[in-house]
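Reading through the structure tokens given below for one structure.
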Amino acid sequence: MDNKITLTKAKQMLDSKECSAKELVQTFIDCATKKKNLNCFITETFDNALNAAQEADQRIANGNALPLDGLPIANKDLYCTKDVCTTAGSKILKNFVPTYESTVSGNLKKAGAISLGKLNMDEFAMGSANLNSAYGPVINPWRSNTEPDKDFVPGGSSGGSAAAVAAGVCLATTASDTGGSIRQPAAFCGITGIKPTYGLCSRWGMVAFASSLDQAGPMAHTISDCALMLQHMAGYDDKDATSLNVKIPDYFANLTQAGKGIRVGLPKEYIEGLNEEVMALLQKGIAWLKDAGAEIVEISLATTKHALPTYYIIAPAEASSNLARYDGVRYGARVDGASLDELYYNTRHEGFGKEVRRRIMIGTYVLSAGYYDAYYTRAQKVKKLISNDFDQAFTKVDVILTPTTPSAAFGLNDPNDDPVAMYLNDIYTVTVNLAELPGISIPAGFSSNGMPLGLQLIGPKLSEQMLFNVGLTLENAAAFPHFKAV
Ligand code: GLN
């Protein structure tokens, strides 16, 4: 059977008994096997998946199918999965097999979704190209029309999650977004990804990077697929102190194209310095929303220029604290030494990659006595100002339109030894995490060499439904070829 289908379509096919869960899961396993060279998976769980498919078929036959019964998905290797190795892309967790399941992956499992395995990612979710994984890079399944033999990066840190959907290896994936890690790889791989409001999905059982910014979210071909996934990922969890106790709307049932009467903000700070092809795409986005009856309003988010420096203080600070637990005593790998200090040193030196070590050093520095107020406290204050800026903007507009990334995917082997250049990939996405807002990336067009580009919509807290609905207007107008890389 054909794997050029959306999650929504596959669900219809299962509901109408056009195919069985077993056939569906087998089809995607076959594709995953064929596309092993993309390196999407760190751990495959195909046998478990086939067993689960059999159980799903049984439930379907008995008339008590679960809402996502039989649908093949896969989890970013940041979600702790019971009895299945969870590495977070790091050598230090190479043999870590959790005895518990994260709330989000558990919710999907309870809804009947079937995981094909654990997806590759930048180590501890630090990166924008999936080049920081201890398990090797992931290849973007798209080919450019100027250099068809060249491999491109899928973006990061959820590079495996994005490439797996784009390549048709599974129907949808879980991912996480601390500064852009759902939206940026979604844009690079021509798929849809939403970073929900901070606290909408539980962080329990997700390997922590920067706890005040981390948020789980889905990636899939289309808006309706993401709506279906988020529906079953989100929800209050008393095991996460920052979990929001709100009723989750039926995003999927309430999906309807929106545009008429919607005020769309265009922040001038996001337009300055845009390259020509990204600017052209943004203009198209504006025209599509205008055609749907939206009003375009120029706005200013003056604190935008402080977002990246603020992020690169807060995120490393929280990471240095979160990653202190990997000491070679309680978790994962251990490299012995003559003393306890030496054991710590050896374990952490061997276990962590270069970027993770860089972040731990920056984070430890900005939290150290004498510098804490100058850096960390100050960054927290600027975070608040960024959030105030958005609050102000949302008194004038309903939603904000921006590009997702400043450019399309770059070559896997292009020179990339400048960490700051890499950090600039997230210039349009980090603000959203700092302000705890939801943001969605929708595949909307192409660069001049034929690689995908995305548009981002940002809304006020808990406006996921509106983002889906306005996003649907963009999706329909863009008519993006969702299965071109499958
Ligand atoms: N690229 C950003 C970083 O390296 C964001 C990562 C993320 O969202 N997990 O920190």
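Whatever order the structure lists ligands and atoms in, that order sets their numbers, starting from 1. Residue numbers run from 1 in the order of the sequence given. Note that the structure is predicted; figures quoted are calculated from it, not measured.
- Checked by distance only, ligand 1 and Thr178 come closer than 3.5 Å through their nitrogen or oxygen atoms.
- Taking all heavy atoms of Tyr312, Phe209, Tyr311 into account, the minimum distance to atom 5 (C) of ligand 1 is reached by Tyr311.
- Between Thr87 and the choices Asn120, Asn95, Asp77, the side-chain hydrogen bond (donor to acceptor under 3.5 Å, both in side chains) rule is met once, by Asp77.
- Put simply, no part of Ala315 is less than 4.0 Å from ligand 1, judged by heavy atoms.
- Between Glu269 and Lys305 no salt bridge is recorded (no basic side-chain N to carboxylate O distance below 4.0 Å).
- Nearest protein heavy-atom contact of atom 6 (C) of ligand 1 is Ser181 OG, 2.9 Å.
- Proximity to Met126 (heavy-atom distance under 4.0 Å) selects the following atoms of ligand 1: 4 (O).
- When heavy-atom distances to ligand 1 are checked against a 4.0 Å cut-off, Asp426 comes that close only through its side chain, counted from C-beta outward.
- The atoms of ligand 1 that sit less than 4.0 Å from any heavy atom of Ala125 are 6 (C), 7 (C), 9 (N).
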Exercise for the section: For salt bridge (Lys or Arg N to Asp or Glu O under 4.0 Å), just list the numbers for Lys354 and Glu123, CA-CA rounded to whole Å, side-chain angles, deciding distance to a tenth of an Å, and then say yes or no. Expected result: CA-CA 10 Å; Lys354 198 165 146 206; Glu123 185 175 8; over 6 Å; no
Exercise for the section: May I have the step-by-step check of salt bridge (Lys or Arg N to Asp or Glu O under 4.0 Å) for Asp151 and Arg143, ending in yes or no? Expected result: CA-CA 7 Å; Asp151 288 335; Arg143 300 278 111 188; 2.7 Å; yes
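- An N or O contact shorter than 3.5 Å is missing between Gly156 and ligand 1 by distance.
- For ligand 1, the atoms lying closer than 4.0 Å to a non-hydrogen atom of Asp177 are 8 (O).
- Nearest heavy atom pair, residue Gly459 against residue Leu467, reads N-CD2, 3.6 Å.
- Of the candidates Met422, Arg359, Glu355, the one placing a heavy atom closest to atom 4 (O) of ligand 1 is Arg359.
- Using a 4.5 Å heavy-atom cutoff, the side chains of Tyr311 and Asp426 are not in contact.
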Problem - Stepwise salt bridge (Lys or Arg N to Asp or Glu O under 4.0 Å) test for Arg359 and Glu355 - result: CA-CA 6 Å; Arg359 303 265 181 123; Glu355 182 63 24; 2.7 Å; yes
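- Those atoms of ligand 1 that come under 4.0 Å of a heavy atom in Ser157, given as number and element, are 9 (N).
- Put simply, the side chain of Leu116 reaches to within 4.5 Å of the side chain of Phe28, judged on heavy atoms.
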